[in-house]
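Atoms within a ligand are numbered from 1 in the order they appear, just like the ligands themselves.
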Amino acid sequence: MRTLRLTTSKKDIEHAADIIRSGGLVAFPTETVYGLGANALDEGAVRSIYEAKGRPSDNPMIVHIARFEDLDELVAGGSIRISPYAKLAAKKLWPGPLTMVFDKNPAVPSVTTGGLDTVAIRMPLSEAARSLIEQAGLPVAAPSANISGRPSPTTAEDVLEDMDGRIDAVIMGDQCDVGIESTVVDMTGDTPVILRPGIITKEWLEAAIGCEVEYDKSLLKKPEFIAEPALGAQADEDFKPRSPGMKYTHYSPKAKVRIIEGDGKFFGDKVMQLGIEAMREGKKPAILEYGGDAKKAAHKLFADLRELDRQGYDIIFVRGLDEKGEGFSVMNRMLKSAGYDIIK
Ligand code: AMP
Ligand code: MG
């Protein structure tokens with residue numbers, strides 16, 4: 001298959017929307033990461049997303065919409081049935097990097113939701129994404145546009161690295177602003193529960209909707225509690241992530257990633273010591289340091305991991321961040337890309 005390179009021009013977005021309407025796959029920029037989109041209501045089209053990504057079929061998609069009313073055909077009982085705090089979150093934080101989980105309308109094929117009876121929905125902020133969804137005139141299922149397990153793509157080049165020849169088209173936009181995926185919040189219960197942390201933090205969400213928000217317990221646990229066969233860890237039923245995607249090996253570049261925590265001197269000394277050891281073994285080491293700036297780390301982490309792979313580094317030493325605010329969300333990704341290898 002030849003993958004078309006499209007621009008963000010009106011004509012090209014219309015072309016991309018036509019592809020989606022006829023059951024094809026189009027990668028497109030959003031403010032978080034690039035998504036791989038297809039008609040969320042077309043089972044065959046959604047299946048081809050799983051195939052292109054090599055994604056396990058129990059890992060559900062996020063359904064992207066352009067207008068609040070689009071919730072009507074996706075949520076059980078329509079938008080009228082969503083809770084007051086979900087309505088408030090939509091009013092204050094949509095369009096934006098927030099995904100909300102609702103009970104699913106039967107119109108949504110179960111392949112889209114990985115067999116769950118809930119559906120995750122987001123209204124993206126990026127202009128290209130919203131006009132694509134509007135033009136297509138249907139809800140667009142879109143996971144991140146990477147091969148399953150790899151770092152999410154935040155540039156069009158990173159999308160092509162994984163997807164060239166596997167999908168119909170890529171809308172070649174700018175590098176994504178945020179750089180990590182959306183915050184996923186379960187809105188089906190009495191208290192909103194964060195299933196995946198993102199740039200919209202717990203505190204931000206609580207301030208926006210004026211009620212307490214919880215973290216899914218699995219987010220507060222480190223590897224031994226996570227069902228992660230690839231890491232040889234034991235599954236712990238009590239702490240099984242409720243967001244299916246969180247249980248898979250994730251965000252891994254080809255190079256080995258090691259996190260170093262502690263002050264600047266400790267980081268410098270460790271990098272020196274371990275870097276020399278690596279070179280003695282004939283390996284090429286790289287260093288990633290974001291000066292404690294979590295927003296910058298979010299924006300650059302995935303792009304940097306991919307770039308260092310392209311440059312042939314074998315081992316990446318990355319300085320850990322304080323696990324508060326956005327730092328918590330970035331560390332969630334960093335820890336997974338390092339397979340929880342932390343040096344303290
Ligand atoms: P991705 O688009 O690759 O970031 O993947 C979307 C992620 O959203 C999935 O991996 C899940 O973790 C999460 N998600 C999607 N739908 C649901 C749902 N119905 N319930 C809980 N989490 C969901
Ligand atoms: Mg993903």
Only one of Val185, Thr191, Leu219, Asp186 clears side chain to side chain contact (heavy atoms under 4.5 Å, CB included) with Glu214; which?
Thr191
Which segment of Arg196 sits under 4.0 Å of ligand 1 when only heavy atoms are counted:
side chain
Just heavy atoms, cut-off under 4.0 Å: does His250 contact ligand 1 by side chain, backbone, both, or neither?
neither
The atoms of ligand 1 lying under 4.0 Å from a heavy atom of Ser144, numbered in the order shown, are 1 (P), 2 (O), 3 (O)
Output the list of atoms in ligand 1 that are nearer than 4.0 Å to some heavy atom of Met61, sorted by atom number.
15 (C), 16 (N)
Under 4.0 Å to a heavy atom of Ile62 - the qualifying atoms of ligand 1, by number:
6 (C), 8 (O)
Non-neighbouring partners of Asp103 that pass side-chain hydrogen bond (donor to acceptor under 3.5 Å, both in side chains), sequence neighbours left out
none
Please state which part of Leu195 comes within less than 4.0 Å of ligand 1, counting heavy atoms only: side chain, backbone, both or neither.
side chain
Would you call Asp177 and Lys295 a salt bridge, using N to O less than 4.0 angstrom?
no
Taking the six-membered ring for Trp and the single ring otherwise, decide whether the centroids of Phe267 and Phe317 are under 6.0 Å apart.
no
Do NZ/NE/NH1/NH2 and the carboxylate oxygens of Glu212 and Lys202 come within less than 4.0 Å?
no
Sphere of radius 2.8 Å around the Mg ion (ligand 2) - protein N, O or S atoms inside:
Ser144 OG
N/O of Glu181 under 3.5 Å from N/O of ligand 1, yes or no?
no
Taking only heavy atoms of Pro143, which atoms of ligand 1 are found under 4.0 Å from at least one of them?
1 (P), 2 (O), 3 (O)
Can Arg310 and Asp158 be counted as an ion pair, charged N to O under 4.0 angstrom?
yes
Tell me which one of Val159, Val140, Val170 satisfies side chain to side chain contact (heavy atoms under 4.5 Å, CB included) with Phe28.
Val140
Taking the minimum heavy-atom distance to atom 20 (N) of ligand 1, which of Asp117, Val33, Leu116, Ile180 ranks first?
Leu116
Check this for me, if you would: do Asp309 and Arg150 make a salt bridge, where the nitrogen-to-carboxylate-oxygen distance has to be below 4.0 angstrom?
yes
Distance-only N or O hit between ligand 1 and Arg55, under 3.5 Å
yes
What I want to find out is whether Glu134 reaches Arg130 closely enough, with some N-O distance under 4.0 Å, to be called a salt bridge.
no
Check ion pair Arg319-Asp263 (N to O, under 4.0 angstrom):
no
Check Asp314 with Lys254, please: is the shortest side-chain N to carboxylate O separation under 4.0 Å?
no
When you look for heavy atoms under 4.0 Å from ligand 1, do you find them on the side chain of Thr118, its backbone, both, or neither?
both
